[in-house]
Amino acid sequence: MEIAVKIINEVKKGLEELYGQQVSDNLVQLQETRPEFEGQLTLVVFPLLKMSHKKPEDTAQDVGQYLVSKVPDVISKFNVIKGFLNLTISSAQWIELLQSIQQDDSFGFIPVTDKSPLVMIEYSSPNTNKPLHLGHVRNNLLGWALANVMQANGNKVVKTNIVNDRGIHICKSMLAWLKYGNGETPESSGKKGDHLIGDYYVAFDKHYREQVKELVAQGMDEDVAKNEAPLMKEAHAMLVKWEQNDPEVRALWHKMNEWVYEGFDETYKALGVSFDKIYYESNTYLEGKEKVEEGLKKGLFYRREDGSVWADLTKEGLDEKLLLRSDGTSVYMTQDIGTAKLRFQDYPIDKMIYVVGNEQNYHFQVLSILLDKLGFKWGKDLVHFSYGMVELPNGKMKSREGTVVDADDLIATMISNARQMSKDKVNKLENITETEAQEIARIVGMGALKYFILKVDARKNMLFNPEESIDFNGNTGPFIQYTYARIRSILRKATESGIIVPEKLPTDTELNDKEIALIQHLQGFAAAVSQAGVDYNPSCIANYCYELVKEYNQFYHDFSVLREEDEKKRFIRLSLSAAVSQVIKNGMGLLGIEVPERM
RNA sequence: GGUUCGGUAGCUCAGUUGGAUUAGAGCAGCAGCCUUCUAAGCUGCGGGUCAAGGGUUCGAGCCCCUUCCGAAUCACCA
């Protein structure tokens, strides 16, 4: 049992005995003691004054004396400062706690059972007309980490992806490929499939602009010209053919989408993310129409004279929202309703989480209301896990201005920079093969990227500075990985020199402040995990790991583990190191960050 | 204009359900520390009106109100 829980129970008993009243949990506030005072845990007595009818100091004195006399093996000392009762926990208690943490591989995780709620998490959601970029990277990393955190909190998790594989955008790429491609394929060009398609999307845009410019030069209004340009007309014609199931268009669409998927798979693999179930918009966009018609019959929506269908959300404080165009085709919202329908058929979903950028906050506000009206039980409290934009030092990331950072380029750069960094450290990585060195570079490079992005509160817009992210000093992934590798090295050396830590640690050893601080901090891992689940913010975990590592580094520089002469002390320090490394591994694992055995 | 979200050190960010005279890290700057279990590290110094004002109470960076600044969104785009 956690020490804090034990103490809270004792305090409650004590209060009852001292003041003759039952106390609710929220009145017993226990927190870590500030470093400048003696003790490790502090009871805040202010909330108890109404019951004791005494001064804060006297109340604290009462409780302190009670604890020391009643449970001397837990609380060895206490002191009172104003309304704060500082408690000193006995070493034996800390050692027992350490032991229990160390023996539990999945410390801090709640096991998933048959009765656990099922949480579906949608993330990634790429378009099939261009490669993934930095914004997608944040999305994927957050989605993956969130899925891990939810699972660690005892939920069944289904990771899902909705691929936006239809629409005018993909027609643009297809058309450009037909016109300017000369039959180019990923094999013939050596390009990754998604990049190849992306290039044709850019080519379309280039030629299209030229056409518009020309038309404007001939005296046409720009807005008219944008619709009248032959390329745009052709693209629209192609979309119509696609919707009519034209075999040729469909065959081309299939072929080109396959190229893109192969490219995406490579990127996903490099990022270390995966999905349990992938939905394609081409399969779901018609489903939504049915639901909308259904809602129309029930009187939830209404039809305008031109035939378009709308939802009136003015009662909910929102606007009216279009659900079907006047020509009967579906819009974005309709598709999301359709996807929801299919998902609900496939899984007994208790909670749905959408990982989507904050530019779509309004969309999800509306979607939640619509799904609720349509009778989806999880619709009302669906979660839009909204994250901020990634900005670059020279301004916003805009694909039009060419300031977009490609995901594959970024990954490659991170890894090669990590490789360069370790090469510069002459004394490191000796006796290591080239493939091992490359693998370490991959782990470290990806760790730097992932940690840099995940440590920031998801809701906030963040600044991605490519140069800074590669700096391995400070609050970075490699700093944490490095500490892990060092601990593993100590443990290896301990085994080599025949030091075997006994099953049961000796509890009659006095601990110093730094050792206690570390054990105390380790205990906080469980809290960080549940906090991350409640807040839906994996950054809690990242910051927890960093704090732990900082604390361990101080410990590391002050004490010698292997050279410690007192055997009992050595066992405890070794055990402590092992526990720290285990928690780091688990914590980083939640973020999708690997930790190397050596680096 | 409506709605939503942000504003903490020169820069990038933490800050758990409100808690302790002195609000924390990292980077950048300065000064120390490698015969040492991996120095990608550790120690110290300087740097702040927590956007501004008011309120709630024993106590506010955190809760409430007002104002200022920034972002997103308010399409028969996705």
**OP:** Can you see which heavy atom on A:Ile443 is nearest to which on A:Pro596, and at what distance?
**Re:**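 Smallest heavy-atom distance, with atoms named: CG2-CD, 4.0 Å.
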Original post:
Do you know the tightest heavy-atom contact between A:Val356 and A:Asn139?
Top reply: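 It is CA-ND2, 4.3 Å.
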When you measure from the side-chain N and O atoms of [X] to the phosphate of [N], is any distance below 4.0 Å, counting only OP1 and OP2?
| X | N | answer |
| --- | --- | --- |
| A:Gln554 | B:U43 | yes |
| A:Tyr556 | B:A39 | yes |
| A:Lys460 | B:A14 | yes |
| A:Ser489 | B:U38 | yes |
| A:Tyr482 | B:A40 | yes |
| A:Arg325 | B:C77 | yes |

Using the side-chain heavy atoms of [X], tell me which of these nucleotides is nearest: [options].
| X | options | answer |
| --- | --- | --- |
| A:Gln531 | B:U16, B:A40, B:C37 | B:U16 |
| A:His557 | B:G6, B:U73, B:G41 | B:G41 |
| A:Tyr362 | B:A14, B:C74, B:G41 | B:C74 |

**OP:** Going 5' to 3' through nucleotides 19-29 of chain B, assign each nucleotide B (protein heavy atom under 4.0 Å from a base atom), S (under 4.0 Å only from sugar-phosphate atoms) or - (no protein heavy atom that close).
**Re:** BBS---SSS--
Students often get this wrong, so: under 4.0 angstrom with heavy atoms, is [X] touching a base, only sugar-phosphate, or nothing?
| X | result |
| --- | --- |
| A:Val561 | base |
| A:Phe479 | sugar-phosphate |
| A:Gln335 | sugar-phosphate |
| A:Phe559 | base |
| A:Asp558 | nothing |
| A:Ala485 | base |

Original post:
Which value, in whole Å, describes the distance between the P atoms of nucleotides B:C50 and B:C45?
Top reply: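 Pairwise P distance, B:C50 against B:C45, rounds to 22 Å.
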Original post:
Of A:Ser326 and A:Phe555, whose nearest nucleotide on RNA chain B comes first from the 5' end?
Top reply: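 This one resolves to A:Phe555.
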**OP:** Report the residue (A:Asn358 or A:Ile490) whose heavy-atom-nearest nucleotide on RNA chain B is the more 5′ of the two.
**Re:**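 Counting from the 5' end, the first nearest nucleotide belongs to A:Ile490.
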If I take atom [atom1] in residue [X] and atom [atom2] in nucleotide [N], what distance separates them, rounded to the nearest angstrom?
| X | N | atom1 | atom2 | answer |
| --- | --- | --- | --- | --- |
| A:Glu496 | B:C37 | CD | P | 14 Å |
| A:His521 | B:U16 | NE2 | C1' | 12 Å |
| A:Phe385 | B:C5 | CZ | C1' | 14 Å |

Any ion pair linking [Y] and [X] (charged N to carboxylate O, less than 4.0 Å)?
| X | Y | value |
| --- | --- | --- |
| A:Glu594 | A:Lys585 | no |
| A:Glu564 | A:Lys569 | no |
| A:Arg209 | A:Asp205 | yes |
| A:Arg303 | A:Glu293 | yes |

Subject >> Sequence neighbours excluded, every pair satisfying side chain to side chain donor-acceptor pair (under 3.5 Å) that has a member inside residues 536-550 of chain A >> reply: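 Listed by first then second residue: A:Asp457-A:Asn537.
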Original post:
Which side chain to side chain donor-acceptor pair (under 3.5 Å) pairs, counting each pair once, include a residue from residues 522-534 of chain A, with sequence neighbours left out?
Top reply: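 Passing the test, one end in residues 522-534 of chain A: A:Gln531-A:Asp535.
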**OP:** Could you check if the base of B:C62 is syn or anti? Syn means the glycosidic torsion is within 90 degrees of 0.
**Re:**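 In terms of base orientation relative to the sugar, B:C62 is anti.
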